[in-house]
J.: 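First the structure, which I've put down as structure tokens, then a few questions once you've had a look.
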Number of protein chains: 2
Amino acid sequence: MKSRVARGKTWWATLTTVSEAAREPDEDRPSGHPGACPNFHAAVELIGRKWNGVILQQLLTGPLRFLELRERVPRVTDAMLSQRLKELEAAALVERVVTTTSRPVEVRYKLTPIGDRLAPVLDAVAAWGNEWAAEVSP
Amino acid sequence: MKSRVARGKTWWATLTTVSEAAREPDEDRPSGHPGACPNFHAAVELIGRKWNGVILQQLLTGPLRFLELRERVPRVTDAMLSQRLKELEAAALVERVVTTTSRPVEVRYKLTPIGDRLAPVLDAVAAWGNEWAAEVSP
DNA sequence: CAGTATCCAGTTTGATACTG
DNA sequence: CAGTATCAAACTGGATACTG
């Protein structure tokens, strides 16, 4: 296998760029009404993808190594975490930084600037999540 | 088949309540560090679930009927939309209102109060989504 | 440590057709 | 209109074992 970012063939892996998502057909709505914004659509499904929200939330606290991340994300497996990190890297939200080339290597995952700007978004989700929880289980 | 909310057996359909989600094991993190908040985890994956984000966004503009919703949510199918609406109803975000009992019946889906409070959250996601799109495709 | 490869069961989706 | 039934195909996630 050649490239990183290969196996994670997912809904959006079929799009190479966000701009493609932006061109997301959306056809079949002949005239008028607004319909959903493709950017929103892509964004919400990316961060809501299983594990991604939690991974991102943890990285918001600072760069983490693979194992650190794994122990902070409850039931995730190596394979899942690895795949999700590749997807997030491809989406330009996360950067993979090799700290040491001497073996064993040290790798850190850190948010990119745009990834970092997710902070208020995830905070808003977390805040709502608590209200929701309080609502549903009084 | 008896109950509404039956077929959509999904990750979180295995939890009956949000409070159960809150008790989500999270075990295996013996001591210390914060780890992810289960409320956040559940919330982000619920709204990020395929179609849910867009459905919710559309309902934020006001109550909609089944077909209105379907035409506003790009590629969704009847079956998917129906299933998602049942899940959102079970999650207490959406309320199903039967407007007319005379045939053909008229049904409207509207957000509950807690569902309505998602507005700022989804706005934040949308705003970020646009920044992200601009970033990735300049 | 930081992953990858493989296998595979279980879910999720999508098409299509049909009902009250 | 507002869905449900059914079936096949696609994708996902998890376990296990292995590498540099």
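To find a chain, count down the sequence lines: A is the first, B the second, and so on, and within it residues start at 1. Computed from a predicted model, the values in this text were never measured in an experiment.
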J.: Determine which pairs satisfy salt bridge (charged side-chain N to carboxylate O under 4.0 Å, His left out) with at least one residue from residues 113-122 of chain B, sequence neighbours left out, and list them in order.
T.: E131(A)-R117(B), E135(A)-R117(B)
J.: Do M80(A) and T77(A) come within less than 4.5 Å of each other through their side chains, counting heavy atoms only?
T.: yes
J.: What string of B, S and - do you get for nucleotides 14-20 of chain C, 5' to 3', if B is base contact, S is sugar-phosphate-only contact and - is no contact with any protein heavy atom under 4.0 Å?
T.: SS----B
J.: Reckon S82(B) has a side-chain N or O less than 4.0 Å from the OP1 or OP2 of dT4(D)?
T.: yes
J.: Using the side-chain contact (heavy atoms from CB on, under 4.5 Å) criterion, which residues pair with S102(B)? Sequence neighbours excluded.
T.: T100(B)
J.: Would you please name every residue forming a salt bridge (Lys or Arg N to Asp or Glu O under 4.0 Å) with D123(A), sequence neighbours left out?
T.: none
J.: Can a side chain N or O of R96(B) be found less than 4.0 Å away from OP1 or OP2 on dG3(D)?
T.: yes
J.: Hey, does Y109(A) have a side-chain heavy atom less than 4.5 Å from the side chain of L64(A)?
T.: no
J.: Considering only dA2(C), dT13(C), dT4(C), which nucleotide approaches the side chain of K86(A) most closely?
T.: dT4(C)
J.: So, is R84(B) close to the dG3(D) phosphate, meaning a side-chain N or O under 4.0 Å from OP1 or OP2?
T.: no
J.: Taking only side-chain nitrogens and oxygens of Y109(B), does any of them come within less than 4.0 Å of OP1 or OP2 of dG3(D)?
T.: yes
J.: Taking only the side-chain heavy atoms of V107(B) (C-beta and beyond), determine which of dG13(D), dT4(C), dA2(D) contains the nearest atom.
T.: dA2(D)
J.: Any side-chain N or O of R65(A) less than 4.0 Å from the OP1 or OP2 oxygen of dG3(C)?
T.: no
J.: Considering only dG3(D), dT13(C), dA2(C), which nucleotide approaches the side chain of R49(B) most closely?
T.: dT13(C)
J.: Could you write out DNA chain D as dot-bracket? Rules: Watson-Crick or G-U wobble, both distances under 3.5 Å, brackets [ ] for crossings, | for pairs with another strand, dot for unpaired.
T.: ||||||||||||||||||||
J.: Starting at atom CD of Q83(B), determine the distance to atom P of dT13(C), rounded to an integer number of angstrom.
T.: 7 Å
J.: Is there side-chain contact between I47(B) and N52(B), with at least one heavy-atom pair below 4.5 Å?
T.: no
J.: Can you list everything that forms a side-chain contact (heavy atoms from CB on, under 4.5 Å) with V105(B)? Sequence neighbours excluded, please.
T.: V107(B)
